[in-house]
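As a basis for the values below, the full set of heavy atoms in this structure was taken, side chains included, without hydrogen atoms, waters or symmetry mates.
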Amino acid sequence: MMKKLLFTLAAMTAITTATAQKMLVLYYSEGGTTKTVAEELQKQTGADIEAIEAVEPYTGIFQETIQRGQREMQSGQMPAIKPLKSVVKNYDIVFLGYPIWFGTYANPIATLVKEQSFEGKKLVPFCTFGSGGLNTSSEALKKALPKADIQKGYGVRTARVKAAAKELDRFLKENGYKAGTVEQLPEYSAQQPVGDAEKALFDAACSNYQFPLGTPQTFGKRTTPDGTGYKFTVKSRGMNGEEATSTIYVIAPANGDKPEFTEVVR
């Protein structure tokens, strides 16, 4: 009872503090998915919002973006971006959004972090991805912006962007950016060997993804209001051909819909 009371008081303090602070949603979006999440974030927080624009826009064609992005990364010449209209120093909290490219934030964000230090700002990453990248991009931001206070971020697969509104509501309330409280989710159970039923569920969740995600070895699970969540430890091959281990999160919806994976953490 005391633990629950302390949690509630801490949440109320965080909410009071956050709502008194000025917030900005700053994002780069190429195909529109990150824009969708950014606009939902702005809607739920009432923050100011601005899009980051490349001086020479990307085509939006997947293969052309990949080729250009690789050239930029290999040469170290990141794309020029248009000057921001927002004055970053006037904000306390900046939500920084981007798609994941090559395992980290998109190239226009690399330009941004060279031009802006975000010194003294709470910087909250949010991203969209094919399989994952929130953890790696957050770590990259910490290295690139040592004077900023990088906070826990939010990420969503492009294939699941419709889930963003509900997930953002929880994320914002849990972290004190939005008024309200949410019930804490239970911890995952201890890892145990994968059986035939779990292997079948994993395969069903990952079968539509364009690249092989590996073979599940162990799993833990938990029951939530949305269904049963699974945390799989998976063996696969890295890009260098060597054996690698990742964690893949899967949700089996309570309504009986097809299970789907929500994130790969490498």
Side-chain angles (χ1 to χ4, degrees), residues 3-29 32-52 86 88 90-100 105 109 112 118 120-129 132-135 137-139 141-142 145 148-188 222 224-227 229 249 251 253-254 260 262-263 265:
K3 183 178 180 181
K4 185 175 182 180
L5 176 60
L6 290 173
F7 172 77
T8 302
L9 290 173
M12 290 175 66
T13 300
I15 290 164
T16 301
T17 301
T19 53
Q21 294 180 316
K22 194 170 183 183
M23 295 185 270
L24 171 68
V25 176
L26 185 61
Y27 71 96
Y28 172 74
S29 184
T33 305
T34 307
K35 178 182 178 182
T36 297
V37 179
E39 290 178 343
E40 181 62 37
L41 186 52
Q42 188 277 330
K43 177 182 175 182
Q44 293 197 32
T45 60
D48 293 340
I49 187 169
E50 182 176 353
I52 298 162
S86 303
V88 171
N90 291 343
Y91 293 90
D92 304 294
I93 300 170
V94 179
F95 296 92
L96 182 62
Y98 46 85
I100 295 295
Y105 44 72
I109 300 297
L112 177 76
F118 295 95
K121 306 301 174 188
K122 282 188 176 181
L123 195 67
V124 185
F126 68 96
C127 59
T128 58
F129 44 73
L134 174 62
N135 59 320
S137 62
S138 294
E139 288 303 313
L141 284 173
K142 289 177 182 178
L145 299 171
D149 183 8
I150 311 298
Q151 301 291 300
K152 176 183 177 182
Y154 168 77
V156 64
R157 289 185 63 215
T158 299
R160 299 185 63 254
V161 73
K162 289 183 179 179
K166 186 174 182 179
E167 291 179 352
L168 278 172
D169 178 71
R170 166 175 284 277
F171 173 79
L172 293 168
K173 288 176 179 175
E174 278 183 335
N175 293 283
Y177 304 120
K178 178 181 175 181
T181 58
V182 290
E183 184 177 348
Q184 286 185 292
L185 296 177
E187 297 292 331
Y188 287 94
R222 66 182 182 185
T224 75
D226 297 321
Y249 294 88
I251 182 72
E260 55 186 0
T262 61
E263 184 181 11
V265 178

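- Distance CD1/I100 to OG/S137: 3.5 Å, rounded to 0.5 Å.
- Closest approach of F129 and C127 over heavy atoms only: CD2-SG, 3.8 Å.
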Steps toward side chain to side chain donor-acceptor pair (under 3.5 Å) verdict (T34, Y98):
CA-CA 6 Å; T34 307; Y98 46 85; over 6 Å; no
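- Residue I109 holds its CD1 atom at 8.0 Å from CG of L141, rounded to the nearest 0.5 Å.
- A distance of 10.0 Å separates CD in Q21 from NZ in K121, rounded to the nearest 0.5 Å.
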Evaluate F118 against L112 for side-chain contact (heavy atoms from CB on, under 4.5 Å), listing each step before the verdict.
CA-CA 10 Å; F118 295 95; L112 177 76; 3.9 Å; yes
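- Atom-to-atom distance recorded for Y249:OH and T262:OG1 is 8.5 Å, nearest 0.5 angstrom.
- Counting only heavy atoms from C-beta outward, the side chains of T45 and L172 approach each other to under 4.5 Å.
- For an aromatic pair to be called close, the ring centres must be under 6.0 Å apart, and F95 with Y177 satisfies this.
- A 4.5 Å side-chain heavy-atom check between L96 and V124 finds every atom pair outside the cut-off.
- Using a 4.5 Å heavy-atom cutoff, the side chains of E263 and L134 are in contact.
- A side-chain donor-acceptor contact under 3.5 Å links R222 to the backbone of P186.
- The distance from the OG1 atom of T224 to the CD atom of Q184 is 14.5 Å, given to the nearest 0.5 Å.
- Contact check for I150 versus K122: no side-chain heavy atoms found under the 4.5 Å cut-off.
- If you take CZ on F126 and CD on Q151, they are separated by 15.0 Å, rounding to the nearest 0.5 Å.
- Within the 4.5 Å cutoff, no side-chain heavy atoms of I52 are placed close to those of Y27.
- Across all non-hydrogen atoms, the minimal contact from L24 to A47 is N-CB, 4.1 Å.
- In terms of heavy-atom proximity, S138 sits nearest to P125 at OG-CG, 3.8 Å.
- Side chains of P225 and L185 form a contact here, defined as non-hydrogen atoms less than 4.5 Å apart.
- Side chains of K22 and I93 form no contact here, defined as non-hydrogen atoms less than 4.5 Å apart.
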Assess the residue pair V37 and V156 against the criterion (side-chain contact (heavy atoms from CB on, under 4.5 Å)); give the C-alpha distance rounded to whole Å, side-chain angles, the decisive distance to 0.1 Å, and a yes or no.
CA-CA 9 Å; V37 179; V156 64; 4.0 Å; yes
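- At a threshold of 4.5 Å between non-hydrogen side-chain atoms, the residues Y91 and M23 do not count as touching.
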side-chain contact (heavy atoms from CB on, under 4.5 Å) between E39 and I49, intermediate numbers included
CA-CA 8 Å; E39 290 178 343; I49 187 169; 4.3 Å; yes
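- In summary, E139 and K142 engage in a salt bridge, as defined by a charged side-chain N under 4.0 Å from a carboxylate O.
- Q44 contributes a side-chain N or O that, together with a main-chain N or O of A165, makes up a donor-acceptor pair within less than 3.5 Å.
- Look at E260 and R157 and you find no salt bridge, because none of the NZ, NE, NH1 or NH2 atoms lies under 4.0 Å from a carboxylate O.
- T36 contributes a side-chain N or O that, together with a main-chain N or O of G32, makes up a donor-acceptor pair within less than 3.5 Å.
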